[in-house]
Amino acid sequence: MSQYDPAQIEPKWQAAWDDAQTFSATRDESRPKYYVLPMFPYPSGRIHVGHVRNYTLSDLVARYKRATGHNVLHPMGFDAFGMPAENAAMASGGHPKDWTYANIDTMIEQMKPMGWGFDWDRMFATCDPEYYGQQQSMFLDMLDAGLIYRKNAVVNWDPVDMTVLANEQVENGRGWRSGAPVERKELTQWFFKISDYSGELLEALDTLDDWPAKVRLMQANWIGRSRGLQFAFSTVEAPEGFDRIEVYTTRPDTLLGASFVGISPDHPLARALEAERPEVAEFVAECRKGGTTEEAIETAEKLGFDTGITVRHPFDTSWELPVYIANFILMDYGTGAIFGCPAHDPRDLEFARKYDLPVRSVFAPAMGEEGTFILPEDGGPAYVPPKPETVRYLQPFAGAEAMTGEDAIDAAVAFCEDNGVGTGVTKFRLRDWGLSRQRYWGCPIPVVHCDTCGVVPEKKENLPVVLPEDVSFDVPGNPLDRHPTWRDCACPSCGAPARRETDTMDTFVDSSWYYARFTAPRADTPTDMDEAKYWMNVDQYIGGIEHAILHLLYSRFFARAMYVTGHLPETSKEPFSALFTQGMVTHAIYQTPQAEGRPTYHYPEEVELKEGKAFLKDTGAEVEVIPSAKMSKSKNNVVDPVTIVKQYGADTARWFVLSDSPPERDVEWTAAGAEAANRHLGRVYRACAEIAASDVPATAEDEALLREMHKAIHDVTLAVESFGFNAAIARLYGLTNALTKSRAGSGVKREVAAVLAQLMAPMTPHLAEEIWQLLGRDGLVANAPWPLADEAMMIEDTVTMPIQVNGKRRGELTVPRDMPKEEIEKLALAHDAVVRTLDGAQPKKLIVVPGRIVNVVA
RNA sequence: GCGGGCGUGGCGGAAUGGUAGACGCGACGGAUUCAAAAUCCGUUUUCCGAGAGGAAGUGUGGGUUCGAGCCCCACCGCCCGUACCA
């Protein structure tokens, strides 16, 4: 009998699918459509195991949905703009375009042998002018619709290289190349008005039933709707025009605990003082050191500068509070000014203790819950109970003494409004989306700057504004800025000499509408409405949890913006009907510690495993094993899928990434696991080949095997529907074992083997086709309808229930499936173990859950 | 710092509030073999016990319940995100 030989069978079936055009999607109103989309990859140069997991998951869903009668769209493309291409050009002197397209070719070559059923005819890369030209066209429509505007925003500035840095290019506050301390610098930049949609994007989260709850929660917190009070402090001895400082607070109930007013270093008042007073300028310059990330700002040491200006408390004009410039206050949120209440905010407390400002508690734990509570003014930590918790107000100015924070906030807002101290307002944390990038390898922003006409949109007939190819990366900065001819152009409005916008778009723009483009990838408009109406929405989107907020939120906004500009139907405002977030693929790190600095990392193939320990093959020296680490080139623990496929075949790689871990969790790649997967597939192949050739008449075991088959169909179908692919695989192991051990006749065994092939087809499609053929079935298993479980065939006559005494298992009871509760009670009380444990005592309670459990409470 | 998630045998993991450890890996024992590889069969949470059986046990500490891996509270550890990595 022939052996399982993936190298021979896999290319054969891939060619068969190609010939039959199995996975090319065309509109067909007679069948329900199903659009399954894995997040498209960045063309880094090689596919990695994370990609293998992502596309194996989407392919499984696609093949399963095909089998259940759906017209499936399962496309693939490349998110091809971005920094790595420019970094490669800087490092090795090539061109980002050549680097990118060469990488795409390599990756396609690596993807094809995996047997993923993509509709390759729809492929595109976002750096294709055909794609980004349509993106420019939409930009103009959105600009026209008032969805895009310009304003100032801060960037990371490398003062030595004189260039803007991405957050990841800032290491410990210094530029990655120059090593110079990074500064925050303001530039005029383009923005999408995503904040216009804050409320809608938040509320619509409730409609996304098939999204993970954690993602919806993360987005809700990110959008961050808050109710609060906006009011103004009147100032004492402030410069002209600063009679008042507007502040926003979400805790107006803590107004009597106010201790100081803090303003952002970018607040207009801070700017005014900076211009006049050198010591302020010095302090503000100090605040502007470091990167722009929220993390860097929040974890930096809290710094304050006493301006000498004071403000009057709105409830008591004789009470004056100092005004500090503070480095932890963001100009982007609220009004860029706050009042500090140290007793009830840890940051304010740290600040107050540092600058010796008063700490005044506003509320304390409600009566009876005080325990060991220490007031913050007596050295305790800031007291910040959850808002729904009832607390005791020490000096209630609005409402009762004991109230929840929520009620107290409402009462305080009402009180302040009644007394002319500010108004209650709703604010969002979500900021507008800055899309300008001072970089070459991105979609050019199609506008022109003219001295007379100002900012002028490029004419649509002049699109795409194509990136020039004659650029060099030998000097830091954006080559578009210094391009001799591309930059200079004629004003589309008056024709006078003008200057092209040299900022390009954030790559998040590219990935915010690719799902829509896949429905009509060659259209000469951004989308084709008929195709979009048929294929949208994405029925199942699959990708990494790392995109939970930004990419998914931007895409949700973009779909709305595309609806407003007529590029998507209203029904596509939420473009992803269901979302699944997969876990990472990890791999052990093998390292030898060094006396100083980084350890030496060893490749897995240099290491030998013996008795749970790892040794270097060369020297026999023991190496340290760090399990389950994220794969990283610098740690030498990256597994290359190409090697795996050469060694074991694509089906083994697919089977392995699906088995073991549930798909939403991280999975550790182990050589042993891959071998085990391969061994099992070999077992299935041999068993089925043997069955195909056997000739045993029907036996008494036929029915038992058929029952097992129907139960397996039922269980696997449920598991696949609920993304429990590891459970589905465990069930398939079970069916395989039942099939190989059964003494049923050949007829039934062949039927079960064929069903096994069908159930495995979405996971190991090549092997499934081969078995299908061995069994003499017609056509492709890829085109066969999904098997149906016959519920009547699954029913067993008896059930076995555990018997517990006081919640501890003491025995079990096998009874007819439909035995009445009273009968079960009698049998349970008469059971040896129960009699022994009760020892003559009367049971206090008897709980019988028919078919489930019996619990005797003594 | 803040927001979110996860934590179960030697390992990956299973378990609508109802027998904790399915299924797989590894390990151990056996069959087959001149021998090995491959393959097949069996055992495998820990501790006590010859055995029958018993006790403990799902990161830590508490709580709710007839019954908690699952629900609630506090803590510890790891992972993701933190708006210019994609």
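What you see is a predicted model, and the numbers here were worked out from it, not measured in a lab. Lettering of chains follows the sequences in order, A, B, ..., and the numbering in each one begins at 1.
Residues A:Phe81 and A:Tyr132 place their aromatic rings such that the two centres sit under 6.0 Å apart. Separation of the A:Tyr648 and A:Phe656 ring centroids does not fall under the 6.0 Å cut-off.
Phosphate contact (OP1/OP2 of B:G13, side-chain N/O of A:Ser661, threshold under 4.0 Å): present. A sub-4.0 Å separation between OP1 or OP2 of B:G54 and a side-chain N or O of A:Lys808 is absent. An OP1 or OP2 oxygen of B:G24 is reached within less than 4.0 angstrom by no side-chain nitrogen or oxygen of A:Arg731. In terms of phosphate contacts, A:Arg852 brings no side-chain nitrogen or oxygen within less than 4.0 Å of OP1 or OP2 of B:U16. OP1 and OP2 of B:G3 both lie 4.0 Å or more from every side-chain N or O belonging to A:Arg216. Phosphate contact (OP1/OP2 of B:A83, side-chain N/O of A:Asn167, threshold under 4.0 Å): present.
Residue-level contact check: A:Asn737 touches the backbone only, with heavy atoms under 4.0 Å from sugar-phosphate atoms and none from bases. Within the nucleic acid shown, A:Glu675 has no heavy atom closer than 4.0 Å to any nucleic acid atom. Within 4.0 Å of A:Gly734, counting heavy atoms only, lies no atom of the nucleic acid at all. Contact annotation for A:Asn855: base contact, defined as any heavy-atom pair under 4.0 Å involving a base atom. A:Ser659 comes within 4.0 angstrom of nothing in the nucleic acid, heavy atoms only. Nucleic acid contact class of A:Trp433 (heavy atoms, under 4.0 Å, all strands): none. Residue contacts for A:Gln189: at a heavy-atom cut-off of 4.0 Å it reaches a base atom on one of the strands shown. No engagement by A:Val856 is indicated, since no non-hydrogen atom pair under 4.0 Å with the nucleic acid exists. Among the atoms of the strands shown, none is found under 4.0 Å from any heavy atom of A:Phe328.
The glycosidic torsion of B:G9 lies within 90° of 0, placing the base in the syn range.
With P as the reference atom, B:G30 and B:A37 are 14 Å apart, rounded to whole Å. A gap of 36 Å separates the C1' atoms of B:G3 and B:G10, to the nearest Å.
Map A:Pro802 and A:Arg679 each onto its nearest nucleotide of RNA chain B; the residue landing nearer the 5' end is A:Pro802.
Spacing between atom CH2 of A:Trp441 and atom C1' of B:A86 amounts to 16 Å, rounded to whole angstrom units. Atom CZ in A:Arg665 sits roughly 15 Å away from atom C1' in B:C80 (whole-Å rounding).
Of the candidates A:Phe508, A:Trp222, A:Phe192, A:Tyr554 forms a ring-ring contact (aromatic ring centres under 6.0 Å, His included) with just one, namely A:Phe508.
Relative to the side chain of A:Leu217, the nucleotides B:G5, B:C85, B:C2 differ in distance, and B:G5 lies closest.
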